[in-house]
Amino acid sequence: MADWKLEGLLLTRMADIRYICGFSGSSATVLLLRRRGYFLTDSRYREQSAEEVKGLEVLIYREGPGEGLRKILDANGKIGLGFDPEAVSYAEVLSLRGQLKGKARLVPFKGSLASLRARKDAGELEKIRRCIEIAEQSFREVVAGLGSDTTEMELAFELDMEARKRGADDRAFDTIVASGPRGALVHAQPSTRKLRGATVVDWGVNHGGYNSDTSRTLALGRTPTVLRKAHQIVLEAQERALERIKPGARAGEVDAAARETVERAGFGLNFGHGLGHGVGLEVHERPHVSGGSHETLEEGMVFTVEPGIYIPGEGGVRVEDMVLVKKQGPELLTTLPRGMDPSDY
């Protein structure tokens, strides 16, 4: 706030709000002033906010957050109030400017709490490790029960349900299962296709507000030689990336280490997405580990390393693990084997 010469910050992204005060509901606004902070929500969350919100004064509004903000700002004069333009729509900004006319000057800024949230503390890491534990146990259980008639949809459903049985609050995102030629679809929706050939499974667990994200590629029956070769290249690319991860390294250089390995093998055009992304209260957050990223890795950051090769008409392979940046280098948080043989799991 001092750097931006602002007297206050307006937070509307639910992940930021949970990070600040612990609220796990789905509708709220937080106003942070230099010396005080306020949590604003409607009557639906009266009891929940009283139980969860820490460190902020709770205000319940009837007609919307603008009503509560006006009451707070009445006593403060016109102030510079920063907001995250990635979290507030243009229509919401226009509405707030009208409601707070004469009381606040709304200033868009980038970053919000993203830089703070990128570095995980011990409590956050404990929750992330628990997510990964649930996700891995569920995967092992489901893979052990696969049959010759199992479909993509059935695998996805069983994986989601198994995670729930083991304590997950929810899945982190829509589970991806893509078998055979459909594996070339990076974000394929599970279909009624039976599992045949190289099968990409990308799943995650939400627990305690935090998330996990892992991918494995299984060889179920006859698998084209080119995809088995691609899988070995992806594993090598992941290893090259891991060698570059340490505090002070550039995220773009980590991406480049993996991408160069894939390109040397002749599959550069078949690896089109970034190498990875931060995971925490959101499945995709800082740091952004891609070719265009100039972010510097810091101790405590958690992100995915997920090289992939996708060949139209044949299928695809992806191996995705979560890593923690430590002083001495990366710690691999995921522990599952990375081979294609289902019996490995």
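From a predicted model like this one, the values you see are computed outputs, not experimental measurements.
Annotation for Phe157: atom CZ does not count as buried by contact number, only 12 or fewer foreign heavy atoms lying within 6.0 Å. Within 6.0 Å of atom CD in Gln328, more than 12 heavy atoms from other residues, nucleotides or ligands are found, so the atom counts as buried in its surroundings. Within a 6.0 Å radius of CG in Leu332, other residues, nucleotides and ligands contribute more than 12 heavy atoms. Within 6.0 Å of CZ in Arg196 there are more than 12 heavy atoms belonging to other residues, nucleotides or ligands.
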Evaluate side-chain contact (heavy atoms from CB on, under 4.5 Å) for Ile72 paired with Leu31, printing each intermediate quantity in order.
CA-CA 9 Å; Ile72 297 168; Leu31 173 64; 3.7 Å; yes
Would you sort out whether Ser215 and Glu320 count as a side-chain hydrogen bond (donor to acceptor under 3.5 Å, both in side chains), showing the intermediate values?
CA-CA 5 Å; Ser215 297; Glu320 176 182 19; 2.6 Å; yes
Take Glu306 and His273 through the test side-chain hydrogen bond (donor to acceptor under 3.5 Å, both in side chains) and record every step on the way to the result.
CA-CA 9 Å; Glu306 50 178 303; His273 57 73; 5.0 Å; no
Apply side-chain contact (heavy atoms from CB on, under 4.5 Å) to Thr217 and Met340, showing your working.
CA-CA 6 Å; Thr217 304; Met340 298 185 79; 3.9 Å; yes
Test side-chain contact (heavy atoms from CB on, under 4.5 Å) applied to Leu159 and Val201, step by step
CA-CA 10 Å; Leu159 193 49; Val201 185; 3.9 Å; yes
Ile128 and Val279: side-chain contact (heavy atoms from CB on, under 4.5 Å), yes or no, with the steps?
CA-CA 9 Å; Ile128 290 171; Val279 181; 6.0 Å; no
Could you walk me through whether Glu239 and Arg338 pass the salt bridge (charged side-chain N to carboxylate O under 4.0 Å, His left out) check?
CA-CA 12 Å; Glu239 289 299 327; Arg338 288 180 276 178; 3.0 Å; yes
Take Gln48 and Ser24 through the test side-chain hydrogen bond (donor to acceptor under 3.5 Å, both in side chains) and record every step on the way to the result.
CA-CA 8 Å; Gln48 185 176 346; Ser24 66; 3.2 Å; yes
Walk me through it: do Lys71 and Glu67 pass the test salt bridge (charged side-chain N to carboxylate O under 4.0 Å, His left out)?
CA-CA 7 Å; Lys71 291 179 180 178; Glu67 169 198 343; 3.6 Å; yes
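Ion pairing of Arg216 with Asp321 is present here, as a side-chain N (NZ or NE/NH1/NH2) and a carboxylate O approach within less than 4.0 Å. Under a 4.0 Å N-O distance rule, the pair Glu133/Arg130 qualifies as a salt bridge. At a threshold of 4.0 Å, the pair Asp149-Lys194 counts as salt-bridged, since one of the basic side-chain nitrogens sits closer than that to a carboxylate oxygen. Salt bridge status for Glu152 with Arg182: present, with a side-chain N to carboxylate O gap under 4.0 Å. With salt bridges taken as basic N to acidic carboxylate O contacts below 4.0 Å, one links Arg36 and Glu57. With respect to the salt-bridge test (charged N to carboxylate O, under 4.0 angstrom), the residues Arg286 and Glu295 qualify. Using a 4.0 Å cut-off between charged nitrogen and carboxylate oxygen, Glu282 and Arg117 count as a salt-bridge pair. Remark: Lys165 does not engage Glu141 in a salt bridge, criterion side-chain N to carboxylate O under 4.0 Å. A salt bridge between Glu126 and Arg129 is absent, with no side-chain N of the basic residue lying under 4.0 Å from a carboxylate O of the acidic one.
Arg34 contributes a side-chain N or O that, together with a main-chain N or O of Leu6, makes up a donor-acceptor pair within less than 3.5 Å. Here the side chain of Ser293 pairs a donor or acceptor atom with the backbone of His288 at under 3.5 angstrom. Between the side chain of Arg46 and the main chain of Asp42, no donor-acceptor pair closer than 3.5 Å is present. A donor-acceptor pair is defined here as one N or O able to donate and one able to accept, closer than 3.5 Å; no such pair exists between the side chain of Arg240 and the backbone of Ala258. For the pair Thr199 (side chain) and Gly197 (backbone), a donor-acceptor distance under 3.5 Å is present. The main-chain N or O of Val205 is never found under 3.5 Å from a side-chain atom of Tyr210 such that the two would form a donor-acceptor pair. The backbone N or O of Val186 sits nowhere less than 3.5 Å from a side-chain atom of Tyr310 that would complete a donor-acceptor pair. A donor-acceptor pair is defined here as one N or O able to donate and one able to accept, closer than 3.5 Å; such a pair exists between the side chain of Thr261 and the backbone of Ala257. Although no hydrogens or angles enter the test, the distance criterion places a donor-acceptor pair under 3.5 Å between the side chain of Arg164 and the main chain of Asp169. Between the side chain of Glu124 and the main chain of Asp121, a donor-acceptor pair closer than 3.5 Å is present.
Using bins of under 30°, 30° to 60° and over 60° for the plane-to-plane angle, the ring pair Trp203/Phe139 lands in the parallel bin.
Arg97 has its side chain within reach of Val93: a pair of non-hydrogen atoms, C-beta onward, lies under 4.5 Å apart. A 4.5 Å side-chain heavy-atom check between Val325 and Pro247 finds at least one atom pair inside the cut-off.
In this structure, OG1 in Thr175 is found 12.0 Å from CD in Glu158, a value given to the nearest 0.5 Å. Note that the CG atom of Asp16 and the CG atom of Leu113 stand 4.0 Å from one another [nearest 0.5 Å]. In this structure, Leu333 CG and Ile132 CD1 are separated by 4.5 Å, a value rounded to the nearest 0.5 Å. The NZ atom of Lys103 lies 8.0 Å from the CZ atom of Arg70; values are rounded to the nearest 0.5 Å. Here the OG-CG distance, from Ser179 to Leu195, works out to 5.0 Å after rounding to the nearest 0.5 Å. Note that the CD1 atom of Ile245 and the CE atom of Met301 stand 12.0 Å from one another [nearest 0.5 Å].
Neither Met161 nor Leu146 shares a network with the other; the hydrophobic side chains, linked directly or stepwise wherever heavy atoms of I, L, V, M, F, W or Y lie under 4.5 Å apart, form separate groups for each. Both Phe39 and Tyr19 are part of a single hydrophobic cluster, where members link through side-chain heavy atoms under 4.5 Å apart. The hydrophobic cluster containing Leu96 also contains Ile79, counting ILVMFWY residues as joined when their side-chain heavy atoms lie under 4.5 angstrom apart, directly or transitively. Both Val323 and Val319 are assigned to one and the same hydrophobic cluster, defined by single-linkage of ILVMFWY side chains at heavy-atom distances under 4.5 Å.
Residues Ala168 and His207 come closest through the heavy atom pair CA-ND1, 4.4 Å. Shown here for Asn211 and Met322, the closest heavy-atom pair between the two residues is O-CE, 4.0 Å. When all heavy atoms of Met1 and Leu32 are compared, the pair lying nearest together is CE-O, 3.6 Å. Summarising the geometry of Ala219 relative to Pro342, their closest heavy-atom pair is O-CD, 3.5 Å, with the distance given to 0.1 Å.
When only modelled atom types and interatomic distance are considered, Thr304 and Asp213 share no side-chain donor-acceptor pair under 3.5 Å. For the 3.5 Å distance criterion, the side chains of Thr334 and Glu136 fail to qualify, holding no donor opposite an acceptor. With hydrogens and angles left out, the side-chain atoms of Tyr61 and Thr29 include no donor and acceptor closer than 3.5 Å.
In this structure, Tyr45 has its ring center closer than 6.0 angstrom to the ring center of Phe23.
Among the candidates Glu331, Glu285, Glu298, the single residue satisfying the salt bridge (charged side-chain N to carboxylate O under 4.0 Å, His left out) test with Lys120 is Glu285.
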